[in-house]
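Report on one structure; see the data block that follows.
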Amino acid sequence: MEKISATIPLDHFVSVEDLTNKEVLTLIKRAAQFKKGTISPQVRESLYAVNLFFENSTRTHKSFEMAEKKLGIEIIDFEPSTSSIKKGESLYDTVLTMSALGTEIAVIRDSKEAFYTELITSPSIKCSIINGGDGTGQHPSQCLLDLMTIYEEYGHFDGLKIAIVGDLKHSRVAKSNMLMLKRLGAEVSFSGPARWMNETFSEYGQYVAIDDLVPEVDVVMLLRVQHERHETHDDVNVETYLDDYGLNETREKKMKPSAIIMHPAPVNRGVELQSSLVECDRSRIVTQMSNGVFARMAILEAIIAGRNKAAETSY
Amino acid sequence: MEKISATIPLDHFVSVEDLTNKEVLTLIKRAAQFKKGTISPQVRESLYAVNLFFENSTRTHKSFEMAEKKLGIEIIDFEPSTSSIKKGESLYDTVLTMSALGTEIAVIRDSKEAFYTELITSPSIKCSIINGGDGTGQHPSQCLLDLMTIYEEYGHFDGLKIAIVGDLKHSRVAKSNMLMLKRLGAEVSFSGPARWMNETFSEYGQYVAIDDLVPEVDVVMLLRVQHERHETHDDVNVETYLDDYGLNETREKKMKPSAIIMHPAPVNRGVELQSSLVECDRSRIVTQMSNGVFARMAILEAIIAGRNKAAETSY
Amino acid sequence: MEKISATIPLDHFVSVEDLTNKEVLTLIKRAAQFKKGTISPQVRESLYAVNLFFENSTRTHKSFEMAEKKLGIEIIDFEPSTSSIKKGESLYDTVLTMSALGTEIAVIRDSKEAFYTELITSPSIKCSIINGGDGTGQHPSQCLLDLMTIYEEYGHFDGLKIAIVGDLKHSRVAKSNMLMLKRLGAEVSFSGPARWMNETFSEYGQYVAIDDLVPEVDVVMLLRVQHERHETHDDVNVETYLDDYGLNETREKKMKPSAIIMHPAPVNRGVELQSSLVECDRSRIVTQMSNGVFARMAILEAIIAGRNKAAETSY
């Protein structure tokens with residue numbers, strides 16, 4: 001019988017880079033055990049969470065909701081468009097309110113980078129904060145589910161060759177992924193339009209043309225062309241992007257037999273990935289979505305453990 | 001003691017016309033038994049449904065929600081306006097996502113006719129699909145609750161005279177109702193502005209002027225003037241519509257003593273129906289709304305039975 | 001051991017002024033007992049409530065939701081922007097629908113004054129109505145939580161000096177508060193821009209310039225400048241309002257040592273209240289938000305008691 005590792009206590013979950021490799025692996029293993037059904041934690045009654053999504057989301061928002069329900073956490077709905085946000089109330093005062101009402105966990109997505117800093121340092125806000133994506137900053141729960149999906153496939157990170165391909169400039173998951181993958185022992189390379197590369201990325205891996213990269217790697221991790229974050233739409237030619245920089249069927253045939261395709265979704269079908277490949281055998285895109293629920297259960301469990309620990313030590 | 005009929009297993013519920021008369025009557029009887037409280041099904045734990053309404057709705061949306069709660073089904077909220085739909089994600093990819101997250105039932109209303117075809121044939125989508133209204137196509141749960149309401153009143157369909165009156169052209173419930181009522185043995189007639197009649201309707205019944213029709217029938221089933229589906233509003237004169245084509249107090253007085261008024265609602269008070277008649281003695285409009293919850297419980301129960309059966313046979 | 005007072009049965013909760021002083025004190029005491037955890041009522045199963053907020057709200061909406069969840073009431077979500085309201089359905093027909101679907105309690109905020117009158121006199125609507133704010137009319141649950149917060153602080157109302165300061169003209173809580181506070185024995189004064197004063201207020205207290213008022217009172221109850229209800233924005237100079245009429249640090253230092261600051265929130269930080277004072281020692285603004293949940297539990301409990309009583313007497 002597989003050893004069940006205990007969770008780790010966390011006060012907040014705002015950046016995956018703050019965690020040690022061991023902590024990341026613990027969360028991944030807990031997530032895998034939730035997936036297998038080998039653990040089913042008892043959450044104390046009347047634990048309330050609020051999900052505050054100030055940017056559009058399906059996967060992240062709904063998988064946190066599913067994870068909360070599976071853990072028995074009560075959810076307070078929050079719809080920014082009908083809240084006092086519309087009367088000019090700030091994020092800080094909104095979270096302060098939800099904290100005063102008795103919610104203990106706030107999962108937040110906001111367009112402002114590092115929005116969470118003022119929240120976790122407030123003397124009045126008692127909520128634990130989970131970062132569901134901060135502008136073009138980070139997206140730590142996505143990073144964790146990506147790592148979980150790779151670990152599930154290969155059982156390790158050491159020496160894995162991983163290509164991160166596409167809209168590196170606007171992606172909030174690319175930066176966390178390159179940093180964490182390197183730290184965990186994988187070898188990262190980049191591709192996509194060269195103008196989206198950034199000098200700081202060279203610390204983590206090198207740029208390789210897509211046709212040279214695809215046959216060599218274990219994972220092709222595609223990024224979404226984030227039309228909504230581009231200043232002008234015309235910097236991407238959606239007619240030619242797939243053949244110039246994306247993964248089409250021709251390139252897919254050149255991948256190693258065991259190599260997998262990943263994408264955080266939503267996919268621009270026919271832009272960064274040929275539509276027929278979304279649900280192909282080597283695609284792990286649907287698996288990533290499923291794993292997201294379990295990764296978020298592991299995050300929430302760690303937050304609850306952190307709150308329980310803090311409650312004990314305050315006596 | 002009344003015999004309790006077992007439910008029928010369904011994979012999806014997208015069109016009432018796909019069901020046999022016997023299956024329809026089974027669903028109606030189960031709904032009636034939910035209403036009486038003579039049955040209270042045990043749903044297995046952790047069964048998740050998502051309600052995806054891409055067109056405005058109060059009755060259908062909220063009565064599915066109520067039915068789900070009464071059956072112990074966990075609901076994942078879905079608000080299209082804050083989802084990745086806004087980033088251009090398709091209905092197909094949205095349902096694929098919700099399926100990957102672990103929802104087993106998706107109740108969907110969409111403006112596209114037969115939107116469900118690609119969903120129920122997908123190799124990757126594992127959700128059962130319930131059609132909550134497809135454009136001007138069908139609205140099978142509304143048809144079922146209408147049939148339930150008539151059956152509750154008369155105990156049979158044979159030889160009942162039923163008038164379907166009003167915006168036949170844009171109604172998604174009229175077509176199912178005329179087909180099913182005829183198949184179940186009722187005699188259907190139509191009224192309303194003649195330009196909304198359609199040659200295909202003559203297969204099911206004939207057009208009769210409203211004043212000739214009203215005194216003859218057992219049920220006056222009014223349809224909503226669907227302003228929002230008309231290309232121009234000026235084809236309906238709301239000042240004269242009631243007296244020209246609608247049910248006003250004068251006509252209501254000429255109805256048979258036992259005859260009832262039905263309307264799927266929302267009612268345009270004063271247009272197709274005089275406002276004072278909405279809550280009158282022979283109106284079953286409030287009853288229809290109440291019955292909608294029980295009819296949808298019967299549909300959901302049949303879907304769950306279908307999923308349980310499929311799970312068994314897959315061993 | 002403190003005596004636990006029984007709740008009072010209410011049919012609806014639309015105006016706090018309809019209650020006797022004794023009834024108000026009973027609700028306040030029940031709320032305090034919910035806060036202490038000395039009572040935990042058993043709500044019968046399958047009791048459904050709907051929260052219909054047609055005006056933006058965070059505190060009121062979410063604290064009713066929290067109170068409902070804590071009492072074990074099932075919540076049917078209602079999002080006006082995706083409902084049949086958008087097809088022109090009226091508030092009356094919407095509540096009639098929710099009643100027909102089986103919801104027993106409707107918490108409603110609407111911009112129309114006394115919107116509830118037609119609802120509580122309808123022969124067809126079976127819901128109990130709770131007023132979550134009617135235009136510039138009343139906001140009785142806010143009044144109750146304000147009274148609870150003062151009572152929690154001082155243990156009585158007799159002879160307390162209370163300043164109500166700010167946008168008296170557009171506030172729906174000011175009128176209830178001045179009436180109830182006077183009736184309960186407190187001494188009320190007003191301040192803020194004189195043009196927002198109203199002759200009818202002089203029945204309850206007198207206008208005093210802010211600098212004369214602040215050192216004298218036990219409670220400074222600030223009101224939000226309701227930009228969204230003003231016909232033009234330029235009647236308030238947000239640059240000078242704080243120093244002319246608001247509570248800044250200089251004035252706060254002149255308050256009695258035991259005096260407290262209240263505000264229904266959201267606060268326009270830097271307009272009616274200096275930002276640094278929102279979370280200061282003598283501020284009870286966060287406490288008011290927390291108390292709101294318990295005050296609303298007491299209201300809901302009284303409504304449920306009223307429904308249970310009505311059900312018994314109908315036999």
Side-chain angles (χ1 to χ4, degrees), chain A residues 43-54 56 58 61-62 65-66 68-69 71-108 110 118-127 311, chain C residues 34-35 37 40 51-72 75 77-82 109 145 224-229 238 263-271 275 278-281 283-294 296-297:
Chain A
V43 166
R44 68 188 144 85
E45 271 186 31
S46 302
L47 184 71
Y48 295 89
V50 63
N51 301 324
L52 295 142
F53 280 72
F54 296 99
N56 297 327
T58 293
H61 189 168
K62 296 297 122 179
E65 192 174 326
M66 183 66 93
E68 287 155 354
K69 281 182 185 279
L71 288 171
I73 297 169
E74 298 270 357
I75 301 168
I76 300 295
D77 294 315
F78 194 91
E79 180 52 60
S81 69
T82 59
S83 74
S84 293
I85 295 279
K86 289 286 169 187
K87 301 178 190 168
E89 190 162 31
S90 66
L91 175 64
Y92 180 90
D93 282 342
T94 301
V95 179
L96 176 59
T97 299
M98 296 311 300
S99 167
L101 299 190
T103 57
E104 298 189 42
I105 299 172
V107 181
I108 305 173
D110 194 72
E118 62 171 355
L119 306 178
I120 63 181
T121 56
S122 160
S124 311
I125 293 174
K126 309 296 183 195
C127 291
Chain C
F34 281 123
K35 187 171 182 177
S40 53
N51 301 324
L52 294 143
F53 280 72
F54 296 100
E55 293 193 315
N56 297 326
S57 169
T58 294
R59 263 151 296 278
T60 308
H61 189 168
K62 296 296 120 181
S63 70
F64 266 114
E65 191 175 326
M66 184 67 93
E68 288 156 352
K69 281 181 184 278
K70 289 198 170 192
L71 289 171
I75 302 168
D77 294 315
F78 193 90
E79 180 51 59
S81 69
T82 59
R109 168 171 290 188
L145 79 88
R224 193 170 163 270
V225 176
Q226 303 221 26
H227 300 300
E228 69 277 17
R229 293 188 197 280
V238 296
H263 189 300
V267 177
N268 295 305
R269 285 174 181 257
V271 182
S275 185
V278 172
E279 295 161 69
C280 76
D281 280 351
S283 165
R284 292 296 174 274
I285 298 173
V286 173
T287 306
Q288 283 174 279
M289 296 193 275
S290 300
N291 285 350
V293 175
F294 303 107
R296 282 152 187 140
M297 287 174 79

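In what follows, chains carry the letters A, B, and so on, assigned in the order in which the sequence lines appear, proteins first and then strands, with residues in each chain numbered from 1.
Heavy atoms closer than 4.5 Å to chain C are found nowhere in A:Ser90, neither backbone nor side chain. Neither the backbone nor the side chain of C:Asn291 comes within less than 4.5 Å of any heavy atom of chain A. When heavy atoms are compared at a cutoff of 4.5 Å, A:Ser46 does not approach chain C at all. Heavy-atom distances place the backbone of A:Ile75, and not its side chain, under 4.5 Å from chain C.
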Apply side-chain contact (heavy atoms from CB on, under 4.5 Å) to the pair C:Thr58 and A:Lys87, showing each step before the final yes or no. CA-CA 10 Å; C:Thr58 294; A:Lys87 301 178 190 168; over 6 Å; no
Could you go through the side-chain contact (heavy atoms from CB on, under 4.5 Å) check for C:Glu65 and A:Tyr48 one step at a time? CA-CA 11 Å; C:Glu65 191 175 326; A:Tyr48 295 89; over 6 Å; no
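Of the residues considered (C:Glu79, C:Arg59, C:His61), C:Arg59 shows the highest number of contacts with chain A, using heavy-atom pairs under 4.5 Å.
For C:Val286, the side-chain contact (heavy atoms from CB on, under 4.5 Å) partners are A:Leu96, A:Ala100, C:Met289, not counting sequence neighbours. In this structure C:Arg284 satisfies the salt bridge (charged side-chain N to carboxylate O under 4.0 Å, His left out) test together with C:Glu153, sequence neighbours excluded.
Of the inter-residue distances, the one linking A:Leu101 atom CG with C:Arg296 atom CZ reads 8.5 Å to the nearest 0.5 angstrom.
Smallest separation of non-hydrogen atoms from C:Asn56 and A:Lys86: ND2-CB, 3.0 Å.
Remark: C:Arg224 does not engage A:Glu89 in a salt bridge, criterion side-chain N to carboxylate O under 4.0 Å.
Under a 3.5 Å cut-off, the side chain of C:Lys62 and the backbone N or O of A:Asp77 do form a donor-acceptor pair.
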